[in-house]
Novice: 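The structure under discussion is supplied below as structure tokens; questions concerning it will follow.
Below, each value reflects all heavy atoms present in this structure, side chains not excepted, and no hydrogens, waters or symmetry copies.
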Amino acid sequence: MVHTKSVDQLYSYPCEIHLELTQGIASLLVGSSPRLEELKTFPIHHYVKLKPNTYFNLIVHSEEIVCNLITPNVHPTAVKLAVPYLYQPFFSPFNVLEIFDSYVSQVTEFHFRSTVHDYYELFYVIDGSLTLNMAGDSRTIEENDLIICGPHQPYPRQISSDTFCNYLTVVFDMGNAERIHFLGQTFSCSESIRSALDKLIAQSLSHSYYTQTLMLCYLQEVITQLMQLTDTLLQPHSTPTSQQNFQNDLLQQILAYMNKKVAEPMTVEEICHKFFISRSSLQSLFKAHLHTSPKNYLINIKLQKSKELIQENRHTISEIAYLLGFSSIHYFSRLFKKYYNMSPSEYAKQVSEMNKSEALSPPQTECYNERSE
């Protein structure tokens, strides 16, 4: 067997087999069929029994593993996947790289111009209220409110308060944060977010050896919880105008990304990772606005693209299925026939006959009657 994090083939035995992992860490990629969308992964802790005709392979996590295969003296059937299965490890969709400054201000009746920079800045009002002038849009954040501004977003040009205000400011940098959608939005902090902010403030006043590490962790926690909070903005119940605008903007970005990447292998999970939203929230967003699921929408645009590629006549049907990320040519053909009531090869034949007919047809001439003046 080939033991890698990218699997391009599966194996199947006609009899029951046993796998015994004695060294290292690995997962089992397994399914009752070799269709990519039906495969699941499970960690192997020691001993696994597989039923006859089960399709499987191993995904190695450690540098090396020792796995014993216990089976009668029979040879497996090897099935090559149309698109390699790539293991997706647990990872953070973003990370706080550095905190440049963090301070708590306690001021009364102040007004000043903010420094413009290319980093992220968090404002959290502990007590009182704060007014931010953002590109002509005056935004007042009240006690317990939070807002994060970022690069290429409307940025506070002026910061003021007519009364007493106690607020936290954190200037920081993030990696992999191009598609965080809550920048510039005002949030009322939940108890758990307030708790993380309180810990962040406490560490900013401390000078222990672990202060900087803990501040990064607490800020990461705050942003992660804000991501969870934005998931509620994607639910299909009636929404205020600002929430509706958030949904519309996010949906347009997702659709633009899907259409741009349609000729590449793409999954719903990849879209969730790219836009930092849960699968259930993505489902709700598509159902509410497009009355379909993300998977069906993706299939639809891929099939539309497949018709264009067939018309171009530069690829075989198998190549088109591979280019568009379908798990097999049979799965692609079945979907094509379901949507268009003909197979891809029948459609290609139809296109070829139409092109021949147009080539053989005599050119059409238009006659004009000149009218004498």
Novice: L285 and L290: same hydrophobic cluster, using ILVMFWY side-chain contacts below 4.5 Å?
Specialist: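 In one cluster: yes.
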Novice: Compare every heavy atom of V125 with every heavy atom of C165, then report the nearest pair and how far apart it is.
Specialist: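 So the minimum-distance heavy-atom pair works out to SG-CG1, 4.3 Å.
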Novice: Are any side-chain N or O atoms of K337 and backbone N or O atoms of M342, one a donor and one an acceptor, separated by less than 3.5 Å?
Specialist: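 Side chain of K337 to backbone of M342, a donor-acceptor pair under 3.5 Å: no, none is there.
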Novice: Please find the pair of heavy atoms, one from P14 and one from V74, that lie closest to each other, and give the distance.
Specialist: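 The pair with the smallest heavy-atom distance is CD-CG2, 4.4 Å.
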Novice: Can E346 and K349 be said to form a salt bridge (charged side-chain N to carboxylate O under 4.0 Å, His left out), step by step?
Specialist: CA-CA 5 Å; E346 289 171 339; K349 184 178 179 181; over 6 Å; no
Novice: Less than 3.5 Å apart, any donor N or O on the side chain of T316 or S318 sitting next to an acceptor on the other?
Specialist: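 The answer is no; no qualifying pair exists.
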Novice: Give me the atom names and distance for the closest heavy-atom approach of Q283 to P294.
Specialist: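 The answer is OE1-CD, 3.2 Å.
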Novice: Please list, chain by chain and in numerical order, all residues satisfying ring pair (Phe, Tyr, Trp, His ring centres under 6.0 Å) with Y347, sequence neighbours excluded.
Specialist: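 Per chain and number, Y347 pairs via ring pair (Phe, Tyr, Trp, His ring centres under 6.0 Å) with F336.
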Novice: Using only atom types and a distance under 3.5 Å, with no angle test, would you say the side chain of N144 pairs donor to acceptor with the backbone of C189?
Specialist: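 Side chain of N144 to backbone of C189, a donor-acceptor pair under 3.5 Å: yes, one is there.
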Novice: Any idea how Y167 and F110 line up, ring-wise: parallel (<30°), tilted (30 to 60°), or perpendicular (>60°)?
Specialist: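 Rings of Y167 and F110: parallel, as their planes differ by under 30°.
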Novice: Is a side-chain N or O of T211 found less than 3.5 angstrom from the main chain of S208, in a donor-acceptor match?
Specialist: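 Present.
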Novice: Report yes or no: do M215 and Y210 belong to one cluster of Ile/Leu/Val/Met/Phe/Trp/Tyr joined by side chain heavy-atom distances under 4.5 Å?
Specialist: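 Yes, same cluster.
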Novice: For V66, does its backbone N or O pair with a side-chain atom of T22 as donor and acceptor, under 3.5 Å?
Specialist: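 Yes: the side chain of T22 pairs with the backbone of V66.
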Novice: Do side-chain atoms of R139 reach the backbone of L130 as a donor and acceptor pair under 3.5 angstrom?
Specialist: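 No, the answer is negative, given that no donor and acceptor are paired below the 3.5 Å cut-off.
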Novice: Could I get the full list of side-chain contact (heavy atoms from CB on, under 4.5 Å) partners for E270, not counting sequence neighbours?
Specialist: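 With neighbours one apart ignored, the set is Y257, M266, T267.
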Novice: Does Y119 have its ring centroid less than 6.0 Å away from the ring centroid of F100?
Specialist: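 For Y119 and F100, the ring centres are under 6.0 Å apart.
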Novice: Do the side chain of S284 and the main chain of S280 share a donor and acceptor less than 3.5 angstrom apart?
Specialist: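 Yes; at least one donor-acceptor contact below 3.5 Å.
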Novice: Walk me through it: do S27 and H61 pass the test side chain to side chain donor-acceptor pair (under 3.5 Å)?
Specialist: CA-CA 8 Å; S27 293; H61 304 300; 2.7 Å; yes
Novice: Taking N57 for the side chain and Q9 for the main chain, is one N or O donor matched with an acceptor at less than 3.5 Å?
Specialist: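 A pair under 3.5 Å: yes.
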Novice: Quick check: closest heavy atoms across M134 and I147, and the distance to 0.1 Å?
Specialist: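 That would be SD-CD1, 4.1 Å.
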Novice: Dump the intermediate steps for side chain to side chain donor-acceptor pair (under 3.5 Å) on S195 and D198, then the final yes or no.
Specialist: CA-CA 5 Å; S195 175; D198 288 343; 6.0 Å; no
Novice: Hey, what's the ring geometry for F172 with Y120, parallel, tilted or perpendicular (30° and 60° as the breaks)?
Specialist: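 Judged by the thresholds at 30° and 60°, the geometry between F172 and Y120 is parallel.
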Novice: Compare every heavy atom of T140 with every heavy atom of S129, then report the nearest pair and how far apart it is.
Specialist: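 Answer, listing the atom of S129 first, then T140: CB-CG2, 4.3 Å.
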Novice: Does E269 come within less than 4.0 Å of R279, counting only side-chain N to carboxylate O?
Specialist: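 Looking at R279 together with E269, the answer is yes, because their closest N to O distance falls below 4.0 Å.
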Novice: Report yes or no: do Y339 and I320 belong to one cluster of Ile/Leu/Val/Met/Phe/Trp/Tyr joined by side chain heavy-atom distances under 4.5 Å?
Specialist: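 Yes, one cluster joins them.
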